[in-house]
Each structure stands twice: as C-alpha cells, then as structure tokens.
Chemist: 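Questions regarding the structure given below will be posed in turn.
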Amino acid sequence: MNVNELILDKVRSLIFTDLSDGSVIGRLTKLEEPSLQTAAEGEEITDAQGALITKLFRAKTGKFTATNSLFSTDLLALQYGSDKEVADETDKIVVPVEEILTVADGKVTLSHTPLGEIKYIYKLESGQLAKKYTIGAAASASEFSISDREITVPTDVTGKIYVEYEYESSRAIRVVNNTVNFPKTVGVKVFAIFRDQCNDNLKFAGVIKAAKGKIDPSSIETALTGTGKNQFTIDFMKDYCNDDYEGTDLFSVIVAE
C-alpha cells in the first residue's frame with residue numbers, strides 16, 4: 001500500500017499517555033479545527049558581496065492545536081499540571097453545596113450529611129437572602145438547631161430557606177489548579193480517519209504519534225457556558241535522552257488500511 005492524496009474524514013480522538021508506563025491519562029473525543037504545525041529557524045549564508053549562497057535551517061519545532069467542544073476534566077487536569085482525583089468509599093472528596101429548602105412543620109431536611117457545623121441559614125424572600133439566623137442548642141425566635149440532616153428552623157419562619165454547607169462524597173472528582181504545578185510531559189497520539197479520494201467507501205486509519213509533548217499553559221481559557229469551547233496547544237519535543245535516530249523525531253504520521 002502506497003497511498004498519497006487522501007480525504008481527511010475526521011480526527012476521531014486524542015490520547016495522552018504516561019511516559020513511565022504508557023498508560024492513558026487523558027482522552028478527548030470532540031475535537032474541532034485540529035491543526036498540525038511545524039516551524040524552523042533559518043540562517044542565510046552569504047558570500048563577501050552579500051549574495052545568498054544557501055539557507056540553513058535548524059531548531060525544528062512542531063505543535064498540535066485544537067479546540068475541545070465539551071468541558072473535559074481530563075484536559076483541565078493536564079492544562080493545570082495536576083492529577084484528576086476520583087473519589088471512592090475510602091478516599092472521599094469534600095463538596096461544597098447550596099440548597100433552597102421549603103419549610104414543613106418547622107423543619108427542613110438536607111440532601112447530604114453536613115461535614116462540620118452549619119453556622120448560618122437564611123430566610124428567602126422573593127428569591128433573595130432576607131434574614132440570617134445562627135445555630136443554637138435549640139430552635140428559638142433567632143436561632144435554629146440541627147440533628148444529623150434535619151434542621152429545625154427558628155420559630156415562625158415559613159416559606160423557603162437557603163443553606164450552604166460541605167459534605168463528603170464518594171461519587172465526585174476534583175481538579176486542582178495549584179500555583180506551583182505545571183503541565184507534565186506526556187506521550188501523544190492523535191487518531192484520525194481518512195478516505196480514498198476516488199472511492200470514499202475505502203477508509204484508512206491515521207495516527208499522529210509523538211513520543212513527548214507538553215500542553216502550553218501560557219494562556220488557558222475555559223468558557224463556562226453550554227456552548228463554550230476549550231482551545232489548547234501541544235508542543236512536541238524530541239526524545240532528548242534517546243540516542244537512537246528515532247530520538248530526534250518530533251512526531252510521525254502513520255496511515256494504514
């Protein structure tokens with residue numbers, strides 16, 4: 001098989017792999033406007049009269065840019081240089097939560113068991129925080145009491161109340177953006193589908209493979225809207241400590257039936 005000009009159907013997915021064991025540490029499947037770019041520094045060699053003899057190139061660079069159309073916690077962790085934490089029954093994650101609850105018979109029930117003390121609740125009027133109440137040993141005109149998940153509101157309080165608290169969850173994830181952590185060097189594979197230009201029923205599998213890459217953290221914007229996008233750039237690097245000729249590769253493009 002010696003294919004040349006092909007139709008790029010789509011970029012199917014991108015995976016990031018751990019350099020130490022090759023395991024997948026992140027996967028993106030909704031990529032828009034993917035682009036593969038290379039550049040090099042050029043130096044003109046001239047004679048005594050300034051006429052161009054030749055031009056030498058060095059310091060080749062390569063990068064892959066794309067926009068992820070969905071909010072990806074894998075991508076966020078890689079951009080922040082952190083590990084995505086996944087909670088379980090042993091290692092739970094503390095989750096802040098707010099609730100608006102309707103008072104019934106002087107009480108409301110929280111959705112979760114609070115972690116630590118709830119110091120304040122607020123009466124809502126027209127959807128706004130109208131009055132603050134503090135916790136006490138027993139409910140009174142100005143204080144509320146709590147037992148496990150049940151809050152006894154202050155006497156004469158009706159309607160809706162607002163409460164903010166934290167709880168421990170075994171079904172949560174957390175991505176931390178720490179000021180001292182930056183993106184790690186990872187392996188990169190971009191999987192694509194090609195079609196034959198004369199017979200588009202004939203498909204080819206394509207892969208862009210880089211032994212080392214790092215997400216550029218110099219400018220990260222994550223749109224917090226339903227239609228928001230997350231643009232990112234991966235800089236490719238040669239495997240500097242690999243003495244084989246392949247160690248000078250920035251990336252390779254592979255097409256197979």
Side-chain angles (χ1 to χ4, degrees), residues 3 6-41 57-86 173-178 180-195 203-223 228-257:
V3 296
L6 297 167
I7 299 170
L8 177 58
D9 186 341
K10 64 179 178 180
V11 172
R12 188 179 62 188
S13 64
L14 181 154
I15 65 170
F16 302 93
T17 58
D18 191 290
L19 291 186
S20 61
D21 60 12
S23 62
V24 176
I25 56 177
R27 184 170 184 261
L28 306 177
T29 62
K30 299 295 184 290
L31 299 178
E32 301 178 15
E33 300 179 350
S35 175
L36 186 62
Q37 305 167 35
T38 59
E41 294 181 4
F57 293 92
R58 55 180 59 87
K60 184 181 286 187
T61 60
K63 63 182 179 180
F64 176 85
T65 63
T67 299
N68 201 59
S69 58
L70 297 179
F71 185 90
S72 168
T73 54
D74 283 355
L75 177 57
L76 210 62
L78 287 157
Q79 288 178 311
Y80 294 165
S82 63
D83 295 323
K84 182 171 74 173
E85 302 171 56
V86 181
I173 61 171
R174 176 170 54 200
V175 178
V176 176
N177 191 353
N178 190 288
V180 300
N181 292 335
F182 293 91
K184 302 173 184 177
T185 302
V186 294
V188 181
K189 293 186 181 76
V190 182
F191 297 96
I193 296 176
F194 295 91
R195 293 180 184 267
K203 294 182 180 181
F204 299 89
V207 183
I208 299 168
K209 178 183 177 182
K212 287 187 174 183
K214 183 176 290 188
I215 286 184
D216 184 352
S218 57
S219 179
I220 299 171
E221 181 179 355
T222 305
K229 314 292 183 181
N230 191 347
Q231 194 273 340
F232 64 94
T233 298
I234 304 170
D235 292 313
F236 296 140
M237 299 169 286
K238 69 178 183 179
D239 193 354
Y240 196 80
C241 294
N242 186 347
D243 294 331
D244 295 335
Y245 182 76
E246 290 77 8
T248 61
D249 293 347
L250 281 176
F251 59 86
S252 56
V253 179
I254 303 166
V255 179
E257 286 187 317

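Small disclaimer: the values here were computed from a predicted structure and weren't measured. These values consider heavy atoms only, across backbone and side chains, with no hydrogens, waters or symmetry-generated copies.
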Chemist: Please evaluate residues Leu14 and Ile234 with respect to the criterion side-chain contact (heavy atoms from CB on, under 4.5 Å), reporting the C-alpha separation (whole Å), side-chain torsions for both, the decisive distance (0.1 Å), and the verdict.
Modeler: CA-CA 11 Å; Leu14 181 154; Ile234 304 170; 3.9 Å; yes
Chemist: Do side-chain atoms of Ser82 reach the backbone of Val176 as a donor and acceptor pair under 3.5 angstrom?
Modeler: yes
Chemist: Output all residues satisfying side chain to side chain contact (heavy atoms under 4.5 Å, CB included) with Glu32, sequence neighbours left out; order by chain, then residue number.
Modeler: Thr67, Ser69, Lys229
Chemist: If you look at every heavy atom in Gly62 and Phe251, which pair is closest and at what distance?
Modeler: CA-CE2, 4.4 Å
Chemist: Does the side chain of Leu19 reach to within under 4.5 Å of the side chain of Thr185, using non-hydrogen atoms?
Modeler: yes
Chemist: Which value, rounded to the nearest 0.5 Å, describes the distance between Lys84 atom NZ and Ser72 atom OG?
Modeler: 7.0 Å
Chemist: Where do Ala66 and Leu31 come nearest, in terms of heavy atoms and distance?
Modeler: CB-CD2, 4.3 Å
Chemist: Out of Thr17, Ile25, Ile15, which one pairs with Val186 under the side chain to side chain contact (heavy atoms under 4.5 Å, CB included) rule?
Modeler: Ile25
Chemist: Between Pro34 and Val11, what is the shortest heavy-atom contact and its length?
Modeler: CG-CG2, 3.5 Å
Chemist: Of the non-hydrogen atoms in Asp21 and Ser23, which two are nearest, and what is the gap between them?
Modeler: OD1-OG, 2.8 Å
Chemist: So that I can tick it off, tell me whether Lys184 and Asp83 are bridged by a salt bridge, with the cut-off set at under 4.0 angstrom between side-chain N and carboxylate O.
Modeler: yes
Chemist: What I'd like to find out is whether the side chain of Phe236 reaches to under 4.5 Å of the side chain of Val188, using heavy atoms alone.
Modeler: yes
Chemist: Can you tell me how far apart CD1 (Ile173) and CG (Asp74) are? Round to the nearest 0.5 Å.
Modeler: 8.0 Å
Chemist: Between Thr222 and Phe71, is there a side-chain heavy-atom distance shorter than 4.5 Å?
Modeler: yes
Chemist: Determine the minimum heavy-atom distance between Glu257 and Phe204, stating which atoms define it.
Modeler: CG-CE2, 3.8 Å
Chemist: Which value, rounded to the nearest 0.5 Å, describes the distance between Ile215 atom CD1 and Phe16 atom CZ?
Modeler: 4.0 Å
Chemist: State the CD1-CG distance between Ile193 and Leu8, to the nearest 0.5 angstrom.
Modeler: 9.5 Å
Chemist: Please report the closest heavy-atom contact between Asn68 and Thr29, naming both atoms and the distance.
Modeler: OD1-N, 4.4 Å
Chemist: Does any part of the side chain of Lys238, heavy atoms only, come nearer than 4.5 Å to the side chain of Asp249, both counted from C-beta?
Modeler: no
Chemist: Measure the spacing between CZ of Phe64 and CD of Gln37 and express it to the nearest 0.5 Å.
Modeler: 10.0 Å
Chemist: Whether the side chain of Asp216 engages the backbone of Ser218 through a donor-acceptor N/O pair (distance < 3.5 Å, no angle test) should be reported.
Modeler: yes
Chemist: Taking C-beta and beyond as the side chain, do Val255 and Phe194 meet within less than 4.5 Å on heavy atoms?
Modeler: yes
Chemist: Within a 6.0 Å radius of atom CD on Glu33, are there more than 12 heavy atoms belonging to other residues, nucleotides or ligands?
Modeler: no
Chemist: Between Asp235 and Lys63, does at least one N-O distance fall below 4.0 Å, as a salt bridge requires?
Modeler: no
Chemist: Find the distance between CZ (Phe232) and CD (Gln79) and round it off to the nearest 0.5 Å.
Modeler: 8.0 Å
